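Input: a single structure, listed below in structure tokens.
Only this structure's heavy atoms are used, side chains among them; waters, hydrogens and symmetry mates stay out. Just so it is clear, the model here is predicted, and its values are computed rather than measured.
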Amino acid sequence: MTDQANSIRSARPVRSLVSLLAALSVGILGSLQMRQEESQAQQGSSPPKVVTTILPITQFTRAVAGDRAEVTPLLPPQMGPHDFQARPEEVRLLAQADVLVINGLGMETFLEGLIASAGNPQLQIVDSSEGIPTLRAEEPEHGHSHGHGHGHSHGHSHGHSHGHGHGHSHGHSHGEFNPHIWLDPRRAIQQVENIRDGLISVDPAGAEIYQANAAAFIEKLKALDEEIAARLAPFAGRSFVVFHDFAPYFAERYNLKAEFLVEIPEASPSPKDVRRVMETVRASGLKTILVEPQLGSNNPFEVLARDLGIQVRVFDPIETAGPEGIEPEYYLTILRQNVENLVSAFEKETAFLPLQLPLLGQAALEHLLARGR
């Protein structure tokens, strides 16, 4: 037997072994891939593409979704719902989305035509206001909006298709019910729970992640609520005045009274509105009125404050912010700042001392406002 023959015979078993190992590898990899596909099929679809509307809804949804789902705001954080004008980019965003998370209660009046334009029959809508007790929207001349609780629970279902109506418009600018539920941390907890349940219904595979993330953020909201309640307890029953009607849920939760100048930010106050706020300031001995930072310094409250000899402080309804505003922690930070500003305002108030505004100054202010209408 030659050396070449011996080499050929010794090489055959090696080649056979290599072929066997290759076949086994292919079989194992194929089996693993099949099991992975079966597991994915059992668990549900891949993580959803989630679109949110107003700033608090983006904050709450990001808190729940964490790294599991992609969350994209429909509105830029620096733009409020009253200023939003949809562009083709927003239409495409909704056309490609799996889930749309909304505040509800007529806050997103811009959605109806936008959803129709997106033409996405698979889009699932999560209404975060479902089942939350509401307060009716009030016209300014009706008086304090905080005292009109109706315990309304509207029966929207999670994950419904885009054909569902989103407006609750019954002759009011926002809708029948005041939509600013997020400014009460207890109601915010319910919103987070609704968002959690909505995401789980669309993405069952992420249920454990959504539950854990929601539980962690809810604990922060509970701690925030307890902290605010303790901070505001000494001022129970006191009144404060804001520019537009965003504060009734906050006021109700902490046993305060909220008055407002106009129903929505873009509305122009009438002389009648001005007189009503002036009367509230006089009757309550207020030393401070509160204004949203979005209004800037060129707003009617600055004129009122000068004529009344009182201060202007900030109460942010968390409707707009810089880029950092999309983070869940931003909600906690701003609400704490609001409370500190409100406490500072209350602490500056003295016992009842009716303010005597010169009639000439009031008449000039009312004339100025009337000309601007």
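Side-chain contact annotation: Glu263 with His244, donor-acceptor N/O pair under 3.5 Å absent. Side-chain atoms of Asp197 and Tyr210 include no donor-acceptor pair closer than 3.5 Å. Using a 3.5 Å distance cut-off with no hydrogens or angles, the side chains of Thr53 and Glu108 do pair a donor with an acceptor. For Ser344 and Asn341, the side-chain atoms include no donor-acceptor pair closer than 3.5 Å. No side-chain donor-acceptor contact under 3.5 Å links Gln96 and Asn120. In the model, Asn178 has a side-chain atom that pairs as donor or acceptor with a side-chain atom of Asp245 under 3.5 Å.
The main-chain N or O of Pro48 is never found under 3.5 Å from a side-chain atom of Asp98 such that the two would form a donor-acceptor pair. For the pair Gln311 (side chain) and Ala345 (backbone), a donor-acceptor distance under 3.5 Å is absent. In this structure a side-chain-to-backbone donor-acceptor pair under 3.5 Å is present from Ser201 to Gly198. Not a single donor-acceptor pair under 3.5 Å links the side chain of Asn255 to the backbone N or O of Ala236.
At least one side-chain heavy atom of Leu256 sits less than 4.5 Å from a side-chain heavy atom of Phe250. Between Met107 and Ile54, some side-chain heavy-atom pair lies under the 4.5 Å cut-off. Proximity of Arg336 to Glu227: side-chain heavy atoms (C-beta onward) are separated by under 4.5 Å at one or more points. Looking at Val91 and Leu114, their side chains come closer than 4.5 Å, going by heavy atoms from C-beta outward. At least one side-chain heavy atom of Ile125 sits under 4.5 Å from a side-chain heavy atom of Ile115. Side-chain contact between Leu342 and Arg231 is absent, with no heavy-atom pair separated by less than 4.5 Å. Contact check for Ile326 versus Pro73: side-chain heavy atoms found under the 4.5 Å cut-off. Looking at Lys287 and Arg313, their side chains never come closer than 4.5 Å, going by heavy atoms from C-beta outward.
Between the CZ atom in Arg186 and the CG atom in Asp225 there is a gap of 5.0 Å [rounded to 0.5 Å].
Between Phe243 and Phe315, a ring centre-to-centre spacing not shorter than 6.0 Å is recorded. Taking the six-membered ring for Trp, Tyr331 and Phe60 have ring centres closer than 6.0 Å.
Closest approach of Leu183 to Pro317, counting heavy atoms only: CD2-O, 3.9 Å. In this structure, Ser128 and Asn194 approach most closely via the heavy-atom pair O-ND2, 2.8 Å. Minimum interatomic distance between Thr52 and Ile57 (heavy atoms only, all atoms of both residues): CG2-O, 4.0 Å. Looking at every heavy atom in both residues, Ala97 comes nearest to Val51 through CB-CG2, 3.6 Å. Between Gly322 and Pro77 the shortest heavy-atom distance is O-CB, 3.6 Å.
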Item to complete: Could you please spell out the steps behind the side-chain contact (heavy atoms from CB on, under 4.5 Å) verdict for Trp182 and Tyr249?
Response: CA-CA 8 Å; Trp182 65 86; Tyr249 295 103; over 6 Å; no

Discussion item. Pair Val50, Val101 - check side-chain contact (heavy atoms from CB on, under 4.5 Å), show working.
Written reply: CA-CA 7 Å; Val50 182; Val101 186; 3.8 Å; yes

Worksheet item: Please walk me through it: do Glu130 and Gln190 pass side-chain contact (heavy atoms from CB on, under 4.5 Å)?
Response: CA-CA 9 Å; Glu130 181 181 356; Gln190 292 178 274; over 6 Å; no

Item to complete: Begin from the C-alpha positions of Leu100 and Leu111 and carry the test side-chain contact (heavy atoms from CB on, under 4.5 Å) through to its verdict.
Response: CA-CA 10 Å; Leu100 173 64; Leu111 274 180; 4.0 Å; yes

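Within a 6.0 Å sphere centred on CD of Gln85, other residues, nucleotides and ligands contribute 12 heavy atoms or fewer. Heavy-atom neighbours of Glu340 CD from other residues, nucleotides or ligands within 6.0 Å: above the threshold of 12.
In the hydrophobic clustering of this structure, Ile209 does not group with Ile218; members are Ile, Leu, Val, Met, Phe, Trp, Tyr whose side-chain heavy atoms approach within less than 4.5 Å, directly or through other members.
With sequence neighbours excluded, the residues satisfying salt bridge (charged side-chain N to carboxylate O under 4.0 Å, His left out) with Lys222 are Glu219.
Between Arg276 and Glu279, no side-chain nitrogen of the basic residue sits less than 4.0 Å from a carboxylate oxygen of the acidic one, so the salt-bridge criterion is not met.
Within the structure, ring pair (Phe, Tyr, Trp, His ring centres under 6.0 Å) contacts touching residues 87-128 (residues at least two apart or in different chains) are Phe84-Phe110.
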